[in-house]
Amino acid sequence: MLIPVRALVSELSKTHQTLSKTKNLHAFIIKTQLSNDPFYATRLSRFYAINNELISAHQLFDKTPQRSIYLWNSIIRAYAKSHLFSDAFALFRRMLSSETKPDSFSFACLLRACSEKADLNWLRIVHGIVVVSGFGLDSICSSALVSAYSKLGRADEASRIFYGILEPDLVLWNSMISGYGCSGNWYKVLELLKRMRTMGMSPDSYTMVGLIMGLTDPSLVRIGESIHGYCLKCGFDSNDHVNSVLVSMYSRFKSLDSACKLFCCLSQPDLVTWSALITGFSQTEQHMLALDFFKKMNMESKKPDPILIASVLAASAQMAMIKPGCEIHGYAIRHGCDLDVMVSSALIDMYAKSGFLELGIQIFKNMPKKNIVSYNALISSLGLYGLATEAFQMFEEVLLEGFRPDGTTFAALLGACCHARLVDAGREYFRRMKDEFGILAETEHYVHTVKLLGMAGELKEAYELAQSLPQPADSAIWGALLTCCDTHEDYELAEIVAECLFKTKPGKSSYRVMLSNVYAGDGRWKDVQNLRADTGNLKGKIPGISWFHGMKSLKM
DNA sequence: ATAGGGTTAG
């Protein structure tokens, strides 16, 4: 009898078990009457949770008479991980009225749930309970709090918690560094790194990941390379997370050569690293290469996940080619993930962008479970085809279904207004987005609205909107406005806008082309010539278009 | 014999 129990313990101490193995273990435990010991129940519920068998996990939980804190935490965590937040919170409430009191790990589970649910209000409530329960300065809770606030874009609140801890441990340092990292605050990342080292902490692979994520500006490419070198020196290059984040950093900087070089050195790149490289090709408009690498990955018999399938579908959508898109659709069906929300949404987008809106709508209708992402895909597709009324209807359905619209929803709606030239509706959605839903207007919202106003000839209003941003407007906004000035032949404003544009992006050739069109349209040959002289290395591009415009204006 | 918190692509 002793031998099988020892074997059982060794099976239970593994990190993963298949569902059938778990069921066998469960039966065995019941037979040997070990099921009263909460240790066994905890391990089993963990295995059930890994296999997405929450019902079995919950039944097990209900049948276990003595519930240890471990068992409570593992079941709460299981629900939180499957994004069944209300169940997780309900269990937490049950726990509060039970004999077992929550510990720091219980709170950490809930805090993570809040950040994954993107629910700032709940985060603040749980934060309050944490403080009241006396865990405000606890290292586990504070690192969970710091990362939760950071992930919801509240680096300021995260830092307040961080600075309240006198002697942060490595995990807390890492949480704060990646908090600043994902908000792109490189200055703060660097400052923290220096401070942590003066306090005698040595960075680990988590620190590196946070650091590298903070490198958002392409001017930091040299620093990225030296961090890469440092990772090699310290042996962090055997860490999958470090490698994937390095590949996506090089992709972000459009240095696909470096990304490939790094990728090729890896003996066993994991799925995330493959994905980082494939989306890197997409981001640099090398969609065909993205699809080639997807094929290559499959040949190495790696099983893709819904996120990767969604991103190759996006690559195919960008090429507006139906064939590879269909192939990937078939592939998704064969792998049983075509009904996944992420994949379905990408399919809607792909079919619409490839000219088959009807197929996209069909996919949407067939989805067993919809979320805001799928509605966003549908709304933007309808908008793309100029079907603004239908897009607006879908927005009403979003509200009716109780989903919360996000920034992408409004970008899609504004895009629909833009295509259908519905100025008043666009103004109204822009206002509601900010006032009613508290969503911060981002570059894409401004681009759509400025374009919408500009095309309708409301150039002054469009210009004022572009100037109303708290920070200098992105070049895409000025670019859109410049085109509108050109079509409405307002050369005076065009000049002002062009100046704003050059301030934001002096080197970009396509804007010079636009400006040269404006000058040519206005018959200002001297300015066209100056621009040409300025742009020596752009052979052919500017002169060609400008001369063509010039000919037109000469004829007049 | 004894478990759980912090990092990654979209």
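The sequence lines fix the lettering, A, B, ..., with proteins before strands; numbering per chain opens at 1.
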Report task. Could you list all the salt bridge (Lys or Arg N to Asp or Glu O under 4.0 Å) pairs where at least one residue sits in residues 62-85 of chain A, not counting sequence neighbours? Result -> A:D62-A:R94

Query raised in the report: With respect to the phosphate group of B:dG4, does any side-chain polar atom (N or O) of A:R46 fall under 4.0 Å of OP1 or OP2?
Result: yes

Report task. Round to the nearest Å and state the distance from A:I177 atom CD1 to B:dT8 atom P. Result -> 14 Å

Query raised in the report: Does A:F364 have A:K370 sitting over its ring (NZ/CZ under 6.0 Å from centre, angle to axis within 45°)?
Result: yes

Query raised in the report: Separation of A:L308 atom CG from B:dA9 atom P, in whole Å?
Result: 13 Å

Query raised in the report: What nucleic acid atoms does A:D305 come within less than 4.0 Å of, heavy atoms only: base, sugar-phosphate, or nothing?
Result: base

Query raised in the report: Can you find a side chain N or O atom of A:R252 that sits less than 4.0 Å from OP1 or OP2 on B:dT8?
Result: no

Query raised in the report: What nucleic acid atoms does A:I278 come within less than 4.0 Å of, heavy atoms only: base, sugar-phosphate, or nothing?
Result: nothing

Report summary line: Of the listed B:dA9, B:dG10, B:dT7, the closest approach to the A:S248 side chain comes from B:dA9

Requested in this report: For A:V272, report the nucleic acid contact type (base, sugar-phosphate, nothing); a contact means any heavy atom under 4.0 Å.
Outcome: base

Report task. Please state how far atom CZ in A:R112 lies from atom C1' in B:dG6, giving the value in whole angstrom units. Result -> 9 Å

Requested in this report: Compute the ring centroids of A:H83 and A:F85, then answer whether they are less than 6.0 Å apart.
Outcome: yes

**Report entry** Distance test, side-chain N/O of A:K151 to OP1/OP2 of B:dG6, below 4.0 Å
**Finding:** no

Query raised in the report: Taking the side chain of A:S244 as its heavy atoms from C-beta onward, which of B:dA3, B:dT8, B:dG5 lies nearest to it?
Result: B:dT8

Requested in this report: Determine yes or no for a side-chain-to-main-chain donor-acceptor pair under 3.5 angstrom, with A:T284 supplying the side chain and A:G280 the backbone.
Outcome: yes

Query raised in the report: If you measure from the ring centre of A:F39 to the centre of the six-membered ring in the base of B:dA3, is it under 5.5 Å, with the planes under 30° apart?
Result: no

Query raised in the report: Checking all strands, does A:T207 fall into the base, sugar-phosphate, or nothing category for heavy-atom contacts under 4.0 angstrom?
Result: nothing

Query - salt bridge (Lys or Arg N to Asp or Glu O under 4.0 Å) partners of residues 271-299 of chain A, not counting sequence neighbours, each pair once - result: none

**Report entry** Between B:dT8 (C1') and A:L266 (CG): distance, integer Å
**Finding:** 14 Å

Query raised in the report: Can a donor-acceptor pair under 3.5 Å be found between the side-chain atoms of A:S143 and the base atoms of B:dG5?
Result: yes

